[in-house]
There are 2 protein chains.
Amino acid sequence: MSLRHALLSLLTVEPMTGYDLYKVFESSVGHVWHAPDSQIYPELKRMESEGLVTGEDIPWGQRGKKRQYTITEEGVAHFRGWISTPLEYARTRDPAHLKAAYLEWADPEAAREQMRGHIAHHQALLRQWQERIYELEHDTNPMLTKRLKITPPEKHEATIAYKHFTYEGLIARAEAEIRWATRGLELIDRLNS
Amino acid sequence: MSLRHALLSLLTVEPMTGYDLYKVFESSVGHVWHAPDSQIYPELKRMESEGLVTGEDIPWGQRGKKRQYTITEEGVAHFRGWISTPLEYARTRDPAHLKAAYLEWADPEAAREQMRGHIAHHQALLRQWQERIYELEHDTNPMLTKRLKITPPEKHEATIAYKHFTYEGLIARAEAEIRWATRGLELIDRLNS
DNA sequence: GAAAACATGTAACCGGTTACATGATTCT
DNA sequence: AGAATCATGTAACCGGTTACATGTTTTC
């Protein structure tokens with residue numbers, strides 16, 4: 001149930017429509033949290049009915065309208081409460097490592113293809129996260145820029161530092177996965193020579 | 001839908017009942033893949049109806065009976081096919097890192113508690129996986145021992161090596177998470193001094 | 001005028017979790 | 001005799017995915 005917390009985190013910056021939020025999930029934030037529009041719209045309605053946000057229809061063009069959601073005090077408290085609550089970790093369920101444990105069942109080329117896929121996947125993530133770090137260091141992330149504008153200057157350092165720290169962790173993880181799969185390729189070669 | 005592949009991987013060793021499989025998931029294998037009994041029993045039925053396994057009622061005590069499942073040739077082919085098929089990676093959804101990105105919303109002690117929880121979680125995983133490595137190196141894992149008995153000797157090395165490789169990857173990941181959260185604690189101290 | 005982007009939903013399904021329910025066997 | 005373990009399920013729910021559906025506005 002972290003979707004609503006991801007939504008709330010964005011709504012602490014400024015009021016947004018479902019489509020605005022969807023676009024953010026599709027771009028930068030989407031590399032930490034993904035959500036399809038079909039999940040966002042109903043969740044916003046539920047959050048409105050629970051008083052975490054208020055919705056307001058605002059005109060859009062001649063006949064159109066869109067619904068803009070504003071976080072409530074209760075929503076802010078809810079978000080802060082979630083951040084402060086110890087995370088419950090889900091039991092392990094890891095298809096990539098489950099497959100890796102039984103690679104002797106695949107022929108060597110299929111096994112190599114698994115490892116190459118793993119490397120490609122994590123290299124793509126790595127690039128995305130390095131791009132986020134670049135944005136942080138050059139203040140080119142629109143959401144963060146807006147956030148800093150409404151944040152007291154003495155909290156700017158922490159606001160940036162925790163996001164930097166987050167992406168560093170994701171980068172370290174991606175690099176570890178790439179190293180692991182690279183060793184996997186070497187192992188496959190060794191076992192099939 | 002990897003549950004059925006996890007079940008098939010175990011059934012390649014010997015016929016087992018739902019409860020047998022459940023126990024294995026609760027112990028060693030459960031640290032790579034977890035499944036509750038309420039998911040295992042219906043899945044086995046479905047797999048039987050799809051011809052991946054055959055079920056046989058065998059007597060248990062005076063009046064009791066239990067259903068033992070044997071993997072079919074089709075089941076073996078299905079498992080091998082899965083291992084050889086490139087994995088589709090799910091979009092990122094990572095509550096721990098989502099929270100970390102907004103730790104400025106928590107007070108320092110709650111933020112530290114998050115990091116300590118992350119460290120404790122991954123240290124517990126680390127111990128489990130180191131235990132699995134120990135088992136591999138000393139041949140004290142019952143399932144693996146049985147597996148090797150029905151595996152041609154020339155494939156023993158690969159069978160063990162891929163499992164070793166898998167756990168090494170999980171260990172590297174846990175160590176990276178612990179390092180990350182440890183840096184997180186340092187960051188919290190620095191920002192609040 | 002057409003295409004792309006903006007805007008918002010519903011419905012069916014799927015894998016997984018939690019709670020509930022029941023009974024037999026084995027061990028102490 | 002009682003407790004632990006063995007054994008097998010059902011049902012309600014939950015978060016998430018995929019497919020379907022519709023209409024407006026802006027841009028080229």
Side-chain angles (χ1 to χ4, degrees), chain A residues 1-8 15-27 29-30 32-50 52-53 55-69 82 87-95 98, chain B residues 1-8 15-27 29-30 32-50 52-53 55-69 82 87-95 98:
Chain A
M1 252 269 264
S2 291
L3 170 60
R4 63 170 52 192
H5 304 113
L7 293 170
L8 288 173
M16 293 172 88
T17 68
Y19 191 73
D20 290 337
L21 289 158
Y22 166 66
K23 273 187 306 175
V24 179
F25 277 115
E26 283 299 284
S27 63
V29 176
V32 179
W33 200 269
H34 170 255
D37 55 353
S38 68
Q39 202 187 354
I40 291 170
Y41 291 116
E43 184 63 26
L44 284 169
K45 282 198 166 178
R46 241 173 283 136
M47 288 161 70
E48 186 179 1
S49 78
E50 293 174 36
L52 301 175
V53 297
E56 186 196 359
D57 281 329
I58 59 174
W60 168 57
Q62 250 77 69
R63 282 174 301 283
K65 58 173 183 167
K66 54 186 182 178
R67 193 156 184 84
Q68 194 177 57
Y69 292 93
W82 178 72
L87 183 60
E88 288 191 28
Y89 291 85
R91 302 285 291 267
T92 307
R93 200 171 285 109
D94 184 331
L98 177 60
Chain B
M1 252 266 265
S2 290
L3 170 61
R4 63 171 53 192
H5 304 113
L7 292 170
L8 288 173
M16 294 171 89
T17 68
Y19 191 72
D20 291 337
L21 289 158
Y22 166 66
K23 273 187 306 176
V24 180
F25 277 116
E26 282 299 283
S27 63
V29 176
V32 178
W33 200 269
H34 171 255
D37 55 351
S38 68
Q39 202 188 353
I40 292 170
Y41 291 116
E43 184 63 25
L44 285 168
K45 282 198 166 180
R46 241 172 284 137
M47 287 160 72
E48 187 180 1
S49 78
E50 293 175 37
L52 302 176
V53 298
E56 185 195 0
D57 281 330
I58 60 174
W60 168 58
Q62 251 77 69
R63 280 175 301 282
K65 59 174 182 166
K66 54 185 182 179
R67 193 154 184 85
Q68 194 176 56
Y69 292 93
W82 177 71
L87 183 59
E88 287 191 28
Y89 291 84
R91 301 286 291 267
T92 306
R93 199 170 284 109
D94 184 332
L98 177 60

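In what follows, every heavy atom counts, from backbone to side chain, and hydrogens, waters and symmetry copies are set aside. Residue numbers begin at 1 in each chain, while the letters A, B, ... track the order of the sequences. Everything numeric here is computed off the predicted structure, so don't read it as measured data.
Contact check for B/Y89 versus B/L87: side-chain heavy atoms found under the 4.5 Å cut-off. No side-chain heavy atom of B/P59 sits less than 4.5 Å from a side-chain heavy atom of B/K65. At a threshold of 4.5 Å between non-hydrogen side-chain atoms, the residues A/P95 and A/R93 do not count as touching.
Of all nucleotides in DNA chain C having an atom under 4.0 Å from a heavy atom of chain B, the first and last in 5' to 3' order are C/dG15 to C/dT25.
Within residues 36-45 of chain A, the residues having any heavy atom under 4.0 Å from DNA chain D are, by residue number, A/P36, A/S38, A/Q39. Applying a 4.0 Å cut-off to non-hydrogen atoms, the residues of residues 58-66 of chain B that approach DNA chain C are B/W60, B/G61, B/Q62, B/R63, B/G64, listed by residue number.
Residues A/L44 and A/V53 share a closest heavy-atom pair of O-CG2, 4.0 Å. Across all their heavy atoms, A/W33 and A/S2 have their closest contact at CH2-CB, 3.3 Å. Scanning all heavy atoms of the two residues, the minimum distance from B/G55 to B/E48 falls at N-OE2, 3.2 Å. Scanning both residues, A/L3 and A/F25, for their nearest heavy atoms gives CD1-CZ, 4.2 Å. Closest heavy-atom contact between B/A35 and B/E26: O-OE2, 4.5 Å. A pairwise comparison of heavy atoms in B/W82 and A/L98 identifies CH2-CD2, 3.7 Å as the closest pair.
For the helix from C/dG1-D/dC28 to C/dT28-D/dA1, the terminal axes (five pairs an end, C1' atoms, rotation from four pairs onto the next four) enclose an angle of 30°, given to 10 degrees.
Along DNA chain D, the nucleotide nearest to B/Y69 and the one nearest to B/K23 differ in position, and the one closer to the 5' end is contacted by B/K23.
Atom pair B/Y22:OH and D/dC6:P shows a separation of 10 Å (rounding to whole Å applied).
Looking at residues two or more places apart in sequence or on another chain, you find no salt bridge (charged side-chain N to carboxylate O under 4.0 Å, His left out) involving A/K45. For A/E43, the salt bridge (charged side-chain N to carboxylate O under 4.0 Å, His left out) test picks out A/R4, A/R46, with sequence neighbours left out.
We find the CE-CD1 distance between A/M16 and A/I40 to be 9.5 Å, quoted to the nearest 0.5 Å.
Of the possible donor and acceptor atoms, one in the side chain of A/T17 sits under 3.5 Å from a partner among the backbone N and O of A/D20.
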